Amino acid sequence: MTHASGIVSDKELVEALGRAKEGRTPRVMRVQIEEDKLVLAESLEGSAEAKEDFAKVLGMLHDDTPSYILFRLDDKRAPEEWLLLAWVPESAKVRLKMLYASTRDALKKEFGYSAIVCEMHASEKAEATWDEYERASLVSEAERLTVMSQSERDRLKGTHLETGGVKTAYIHAVQFPLSEQAKEALSAMAGGGHGMVLLSIDAKTETVELSHAGTGGVSEYRALLAAADHASSPRYCFLRGGAPPEVAFVFSCPESAPVRAKMLYSTAKSAVVGGYEGIGGQV
């Protein structure tokens, strides 16, 4: 795939990224740019706890050569959570710094935006430690996509935030599109046809899907949330509180939900409300 920087991912890297998202190996992948291609330069299997394995990352960082590090975070509930470290040493040539800065979004797009739950940027090895990762993670777990490129800012809307060892962070709205079923249900609600529309995110397709639509209003909503398949999962709900067009938007996010789910739902909620308003609804 070719991106704005003109860099293409080679076949071996594409295949490696696909395998990484499907399973729990490897623990670490180092990606760099060679001859106008993103290539897999090195990988390591996990052998210990995340903190211990992360210490090995320092040995993969070259003093004068930028690279990207993809590190699999430990979470048995959600094994596809990854940290992206952009290593751009101060001693690197200016051309390389610019090239890696403009290509980072290409790698994220190839891997899948939703798989990366935290990002770091380091120009010194002291900034590429587990302590720096934990300091960066002090940002709310539900809001920690960071270090946006310009193309990502076109896709995400956010406000600036400074946080520890991470250079720049954004609390933003992810533009996940509504599925056709979701659009139809919301359109019917805007016209007075539904009392409740329950929505969920499909992380694999990065779309907002219809979970349930009904006429029961608040009582039906409470019953659905109490059900086993909804009790530990975030949800969006549009509820009619009176005569049209009175509709309330409710975002439920249980503490027991996985970190990645909290992050996705928190950052996509503004886009969901905007989608409803875009088809004529009022919240």
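Below, each value reflects all heavy atoms present in this structure, side chains not excepted, and no hydrogens, waters or symmetry copies. In this text the structure is predicted, and so the values were computed from the model without any measurement.
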Peer 1: Taking the six-membered ring for Trp, are the ring centroids of Phe111 and Trp82 within less than 6.0 Å of each other?
Peer 2: yes
Peer 1: Tell me whether Arg27 is salt-bridged to Asp53, with the criterion being a basic N under 4.0 Å from an acidic carboxylate O.
Peer 2: yes
Peer 1: State, to 0.1 Å, how close Cys237 and Met196 come at their nearest heavy-atom pair, and which atoms those are.
Peer 2: SG-CG, 3.3 Å
Peer 1: Rounded to the nearest 0.5 Å, what's the gap from CZ on Arg104 to NZ on Lys109? Could you check?
Peer 2: 15.0 Å
Peer 1: With side chains defined as the heavy atoms from C-beta onward, is the minimum distance between Asp64 and Leu96 less than 4.5 Å?
Peer 2: no
Peer 1: Listed by chain and number, what are the salt bridge (charged side-chain N to carboxylate O under 4.0 Å, His left out) partners of Lys93, not counting sequence neighbours?
Peer 2: none
Peer 1: Answer whether the closest heavy-atom distance between the side chains of His194 and Phe238 falls below 4.5 Å.
Peer 2: no
Peer 1: Do the non-hydrogen side-chain atoms of Tyr133 and Cys118 ever get within less than 4.5 Å of each other?
Peer 2: yes
Peer 1: Show your reasoning for whether side-chain contact (heavy atoms from CB on, under 4.5 Å) applies to Leu107 and Leu38.
Peer 2: CA-CA 8 Å; Leu107 176 60; Leu38 278 167; 4.3 Å; yes
Peer 1: Would a 4.5 Å heavy-atom cut-off, applied to side chains only, mark Arg72 and Met29 as touching?
Peer 2: no
Peer 1: Is the centre of the Tyr100 ring less than 6.0 Å from the centre of the Tyr68 ring?
Peer 2: yes
Peer 1: Suppose we screen for side-chain hydrogen bond (donor to acceptor under 3.5 Å, both in side chains). Which residues come up paired with Thr207, at least two apart in sequence or across chains?
Peer 2: Thr205, Glu209
Peer 1: Taking all heavy atoms of Leu40 and all of Ala16, pick out the closest pair and write down the distance.
Peer 2: CD2-CB, 3.7 Å
Peer 1: Does any part of the side chain of Val247, heavy atoms only, come nearer than 4.5 Å to the side chain of Met189, both counted from C-beta?
Peer 2: yes
Peer 1: Please list, chain by chain and in numerical order, all residues satisfying side-chain hydrogen bond (donor to acceptor under 3.5 Å, both in side chains) with Glu34, sequence neighbours excluded.
Peer 2: Gln32
Peer 1: Test your reading of the model: is there a side-chain donor-acceptor pair from Thr103 to the backbone of Ala106, 3.5 Å cut-off?
Peer 2: no
Peer 1: Check side-chain hydrogen bond (donor to acceptor under 3.5 Å, both in side chains) between Thr65 and all other residues, then give those that pass, not counting sequence neighbours.
Peer 2: none
Peer 1: Does Leu186 reach the side chain of Leu178, with side-chain heavy atoms less than 4.5 Å apart?
Peer 2: yes
Peer 1: Just to verify, which of Leu85, Val57, Leu44 counts as forming a side-chain contact (heavy atoms from CB on, under 4.5 Å) with Phe71?
Peer 2: Val57
Peer 1: Drop me the distance from Ile201's CD1 to Ser179's OG, to the nearest 0.5 angstrom.
Peer 2: 12.0 Å
Peer 1: Using side-chain contact (heavy atoms from CB on, under 4.5 Å), reason through Leu61 and Ile69 one step at a time and then give a plain yes or no.
Peer 2: CA-CA 9 Å; Leu61 305 179; Ile69 299 292; 3.9 Å; yes
Peer 1: Should Val28 and Phe54 count as side-chain neighbours, where that means a heavy-atom distance under 4.5 Å?
Peer 2: no
Peer 1: Are more than 12 heavy atoms, taken from residues, nucleotides or ligands other than Glu42, located less than 6.0 Å from that residue's CD atom?
Peer 2: yes
Peer 1: Measuring from Lys108:NZ to Leu84:CG, what's the distance to the nearest 0.5 Å?
Peer 2: 6.5 Å
Peer 1: Which distance, rounded to the nearest 0.5 Å, do you find between the OG of Ser200 and the NE2 of His212?
Peer 2: 12.5 Å
Peer 1: Do the side chains of Val39 and Val88 join up, straight or via other hydrophobic residues, at under 4.5 Å, putting them in one cluster?
Peer 2: no
Peer 1: Mind checking what makes salt bridge (charged side-chain N to carboxylate O under 4.0 Å, His left out) contact with Asp63, not counting sequence neighbours?
Peer 2: Lys125
Peer 1: In Å and rounded to the nearest 0.5 Å, what is the CG to CD distance from Asp10 to Glu35?
Peer 2: 10.5 Å
Peer 1: I would like to know whether His62 and Arg30 meet side-chain contact (heavy atoms from CB on, under 4.5 Å); could you show each step before the answer?
Peer 2: CA-CA 11 Å; His62 297 185; Arg30 180 168 66 87; 3.9 Å; yes
Peer 1: Please report the C-alpha distance between Arg235 and Ser211 in whole Å, then the side-chain angles of each, then the deciding distance to 0.1 Å, and finally whether the side-chain contact (heavy atoms from CB on, under 4.5 Å) criterion is met.
Peer 2: CA-CA 9 Å; Arg235 288 289 186 272; Ser211 292; 3.8 Å; yes
Peer 1: Specify the closest pair of heavy atoms between Glu127 and Met120, including all atoms of both residues, with the distance to one decimal.
Peer 2: O-CE, 3.4 Å
Peer 1: Please report the shortest heavy-atom distance between Ala182 and Val208, naming the atom on each side.
Peer 2: CB-O, 3.7 Å
Peer 1: Do you know the tightest heavy-atom contact between Trp87 and Ser123?
Peer 2: CZ3-C, 3.7 Å
Peer 1: Could you give the distance from CG (Leu17) to CD (Glu12), rounded to the nearest 0.5 Å?
Peer 2: 10.5 Å
Peer 1: Kindly give the cluster partners of Val94, where membership spreads through any ILVMFWY side chain lying under 4.5 Å from a current member.
Peer 2: Met98
Peer 1: Specify the closest pair of heavy atoms between Pro234 and Cys253, including all atoms of both residues, with the distance to one decimal.
Peer 2: CG-SG, 4.2 Å
Peer 1: Would you mind reporting whether Tyr265 and Ser252 have side-chain heavy atoms less than 4.5 Å apart?
Peer 2: no
